[in-house]
Amino acid sequence: MSISERFLRFIDEQNLCRRHERILLGVSGGKDSVLMVHLFAEAGFPIGIAHCNFRLRGADADADEAFVSALADRFEVPFYGISFDTQAHAREHGISIQMAARELRYDWFETIRASQGYDWIAVAHHRSDHVETLLLNLVRGTGLPGLRGMQPRRGRIIRPLLFLDAEEIMAYVRE
């Protein structure tokens with residue numbers, strides 16, 4: 001069974017979204033999120049692409065933003081881009097850079113989803129991310145909720161690549 005077929009089967013089995021619903025894709029420019037764009041577009045879902053530039057990697061971050069914008073142009077879908085002063089947000093709120101980026105990203109995705117009429121926000125977490133989160137939660141001494149790890153759907157956020165692991169994604173991209 002192809003990755004495209006497995007993708008659609010996972011979406012159906014997990015009841016993540018329907019073919020007519022509008023999906024806002026959170027796209028970093030990495031192989032995982034670019035694969036997600038291709039899978040949703042190939043399946044004919046109405047999509048838009050959102051990209052956050054956290055201004056943490058200089059010219060590389062700017063290049064990612066340009067790449068993702070060009071990807072949206074290639075698929076002829078809306079592109080939403082934003083730059084954040086992630087370090088200032090982390091300092092102001094007394095949180096790590098990683099937590100600041102997460103807060104900024106998900107808050108902004110939700111703003112775009114609601115204001116532009118998208119039904120769901122899709123992020124490209126995969127099975128390997130899920131396992132890593134579960135292990136991190138165990139180390140932190142999590143309770144029962146933390147033992148569940150990432151869920152395919154939480155609120156308006158869907159994770160349609162949880163059926164894949166990092167090695168499968170890399171092999172598919174190499175193809």
Side-chain angles (χ1 to χ4, degrees), residues 16-17 22-41 47-75 77-142 145-146 148-162 164-166 169-170 173:
L16 297 183
C17 57
R22 297 182 72 220
I23 316 296
L24 180 65
L25 308 181
V27 180
S28 66
K31 62 188 173 309
D32 310 342
S33 62
V34 171
L35 172 61
M36 181 176 67
V37 171
H38 282 266
L39 291 171
F40 270 109
I47 60 172
I49 293 177
H51 174 79
C52 301
N53 182 337
F54 296 107
R55 296 186 357 208
L56 297 171
R57 298 180 305 109
D60 288 342
D62 295 339
D64 287 346
E65 184 175 0
F67 171 77
V68 175
S69 176
L71 186 66
D73 287 345
R74 178 175 163 212
F75 282 100
V77 300
F79 173 74
Y80 309 93
I82 194 168
S83 290
F84 292 112
D85 188 343
T86 310
Q87 290 177 334
H89 184 81
R91 277 192 307 274
E92 289 169 16
H93 294 87
I95 57 177
S96 69
I97 294 289
Q98 184 177 7
M99 284 305 298
R102 184 179 189 283
E103 280 182 11
L104 291 165
R105 175 177 54 243
Y106 284 113
D107 288 350
W108 184 67
F109 286 168
E110 177 54 28
T111 298
I112 297 301
R113 186 203 66 77
S115 69
Q116 300 298 315
Y118 288 93
D119 297 293
W120 303 100
I121 300 163
V123 294
H125 293 125
H126 50 76
R127 190 180 321 142
S128 301
D129 295 325
H130 171 74
V131 171
E132 182 180 306
T133 298
L134 186 60
L135 291 173
L136 184 60
N137 287 347
L138 282 171
V139 169
R140 289 179 177 162
T142 187
R148 295 178 62 202
M150 289 182 190
Q151 297 302 300
R153 179 167 59 180
R154 194 179 109 236
R156 287 287 175 181
I157 298 169
I158 60 174
R159 295 179 176 90
L161 299 187
L162 283 180
L164 288 170
D165 61 34
I169 291 170
M170 184 57 80
V173 169

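Start at 1 with the first residue, then count along the sequence.
The CE atom of M36 lies 8.5 Å from the OG atom of S28; values are rounded to the nearest 0.5 Å. To the nearest 0.5 angstrom, I158 atom CD1 is 4.0 Å from C17 atom SG. Distance check: L71 CG to H51 NE2 gives 11.0 Å after rounding to the nearest 0.5 Å. Rounded to the nearest 0.5 Å, atoms NE2 (H38) and NZ (K31) are 14.0 Å apart. With values rounded to the nearest 0.5 angstrom, I82 atom CD1 is found 8.5 Å from T111 atom OG1. Here the CZ atom belonging to R55 is positioned 7.5 Å from the OG1 atom belonging to T86, to the nearest 0.5 angstrom.
Between the side chain of R22 and the backbone N or O of G117 there is at least one donor-acceptor pair closer than 3.5 Å. Looking only at distances, no side-chain donor or acceptor of H126 sits under 3.5 Å from a matching main-chain atom of D165.
Minimum heavy-atom separation, L24 to Y118: N-CD2, 3.5 Å. For F67 against G29, the heavy-atom pair with the smallest separation is CE2-O, 3.8 Å. Closest heavy-atom contact between I23 and A122: CG2-CB, 3.7 Å. When every heavy atom of R156 is checked against every heavy atom of E110, the shortest pair comes out as CB-OE1, 4.2 Å. When all heavy atoms of G26 and F109 are compared, the pair lying nearest together is CA-CZ, 3.6 Å. The shortest non-hydrogen separation linking Q87 to L56 is CG-CD2, 3.7 Å.
In this structure, the side chains of D73 and F79 stay at 4.5 Å or more apart for every pair of heavy atoms. The side-chain heavy atoms of L35 and L164, taken from C-beta on, include a pair separated by under 4.5 Å.
Using cut-offs of 30° and 60° for the angle between ring planes, the F54 and F84 rings count as parallel.
D62 and N53 share a donor-acceptor pair across their side chains, judged by distance under 3.5 Å alone.
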For residues 91-99, which side-chain N or O atoms pair as donor and acceptor with protein atoms under 3.5 Å away, sequence neighbours left out?
unit_1	atom_1	unit_2	atom_2	d
H93	ND1	H89	O	3.0
S96	OG	M99	N	3.0

